[in-house]
Structure formats: structure tokens, C-alpha cells
Amino acid sequence: MISDRAQEPRVIRTALAAEAEKIAALHHRARSTYYPDGLPDDGIDWTAAWRSAVERPDGHVLCAVEAGEIIGIASFRPPEDGPAETVKLFQFHVDPDRWRAGVGRALHAACVEQWQADGKRTAVLDVHVGNRRAQAFYARLGWVPDPDHPPAEDDHHLNLRYAVGGE
């Protein structure tokens, strides 16, 4: 497992359960950017959800840290009822104040490194249809529409896939 990945002055490391509140706050700031009418109240206790994600034995939560502050987060684990060689990227967020500073690219590289270490061949994710910035980011990194899961006409998310080994 990746424990630390130093990139002066940035470190990418495994998140701690005690950081769930800070992670949830970053998650909220990032998600708020692609809802033009404000972030909808989904009724989820995101601090508890992030604590649970960090504590899951079958998952990983990585965080990018600079000057003691969490500036990026990624959560992934095997998808429910998915093939053993597939991993699902459930959450990937960078603090909006740090966009276009290489944080997302470095965090993604750490994810890919972990996926390779875990023997994963394919990664999947879903991205909000209105989040064009994220869609462009993923496309630049090699993510493509998932041909096995095309979106329904009224779907709010697009399904993407990534060849972990670069196939």
C-alpha cells in the first residue's frame, strides 16, 4: 500500500479516520462548484461517510497534503459485484483553490500506482454530467466513456473507464 509519496512540498498518503471532518469539508467545497443552484441537501452525514471509507478494509482513501492541509482526496475500492481486476474510483476531489496546480494529476498518479500494486487492470468511475471540468480532466488522463455502461437519457452521471496498465 502507498503510505507516503513525497513530492516537495506535497505528500500523498493514506488518509486517517481522524481527518474525516476535514476531508468532508474539502469534499463539500469541491462538489459545490458544479451545482449552479447550490449543493443539494442529500441528507448524508459526509463526515461519517468519509470515516467509514477510511476504515473500510477493502478500500483506500488517499489524500494530498501541503503545509499540513489536505488539498486533495481520492477514495476507491472494488465495485459491488464487479470483476476482481476492476477498481472503482468513488470520490476524487481537489480543493478548488488548488485547481490547475498539479494536485489532481499527482493524486491520480498515486491512485494508478496503488491500482497496479493491487493487480487491477481496469478502473471505473461516474462523473456528474454537469461537471465538464472534471470530464476534461479525466479525458486528459486517458479515461474514456464506458461502453458497457452507457448513460440512460435522464441519467445525471456519465460512466468512464481507465485501462490501468495503459492497454
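Worth saying up front: this structure is predicted, and the values here are computed from it rather than measured.
The structure places CG of L160 at 4.5 Å from CG of L125, a figure rounded to the nearest 0.5 Å. For the atom pair CD1 (I73) and CD1 (I12), the distance works out to 13.0 Å, reported to the nearest 0.5 Å. The CD atom of E21 sits 5.0 Å away from the OG1 atom of T47 when rounded to the nearest 0.5 Å. From L158, atom CG reaches atom CG of N131 across 10.0 Å, with rounding to the nearest 0.5 Å. Note that the CG atom of L89 and the CH2 atom of W143 stand 5.0 Å from one another [nearest 0.5 Å]. Atom CD1 of I23 sits about 9.0 Å away from atom OG of S75, to the nearest 0.5 Å.
Residues R77 and V87 form no side-chain contact, since every pair of their non-hydrogen atoms from C-beta on lies 4.5 Å or further apart. Contact check for L26 versus K22: no side-chain heavy atoms found under the 4.5 Å cut-off. Annotation: side chain of V124 is in contact with side chain of T86 (closest heavy-atom distance under 4.5 Å). You'll find the side chain of L62 reaches within 4.5 Å of the side chain of T14, heavy atoms only. Looking only at side-chain heavy atoms (C-beta outward), V94 and W99 come within less than 4.5 Å of each other. Using a 4.5 Å heavy-atom cutoff, the side chains of H27 and Q91 are in contact. Side-chain contact between V65 and R10 is absent, with no heavy-atom pair separated by less than 4.5 Å.
A salt bridge links R161 with D148: the distance from a Lys NZ or Arg NE/NH1/NH2 to an Asp or Glu carboxylate oxygen falls below 4.0 Å. A salt bridge does not link E69 with R98: none of the charged nitrogens is closer than 4.0 Å to a carboxylate oxygen.
Side chain to side chain, H28 and W46 fail the donor-acceptor criterion of an N or O pair below 3.5 Å. The closest side-chain donor-acceptor pair between H60 and D118 falls under 3.5 angstrom.
A donor-acceptor pair is defined here as one N or O able to donate and one able to accept, closer than 3.5 Å; no such pair exists between the side chain of E55 and the backbone of S52. A distance-only check finds a donor-acceptor pair linking the side chain of Q135 to the backbone of V129 [under 3.5 Å]. N159 places a side-chain N or O within donor-acceptor distance of the main-chain N or O of H149, the cut-off being under 3.5 Å. Not one N or O on the side chain of K88 forms a donor-acceptor pair closer than 3.5 Å with the backbone of G82.
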Legend entry - Residue pair Y162, H108: steps toward the side chain to side chain contact (heavy atoms under 4.5 Å, CB included) verdict: CA-CA 11 Å; Y162 179 83; H108 185 269; 3.9 Å; yes
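A ring-ring contact (aromatic ring centres under 6.0 Å, His included) with F76 is found for exactly one of F92, F90, W115, namely W115.
At most 12 non-hydrogen atoms from other residues, nucleotides or ligands lie less than 6.0 angstrom from CG of D81.
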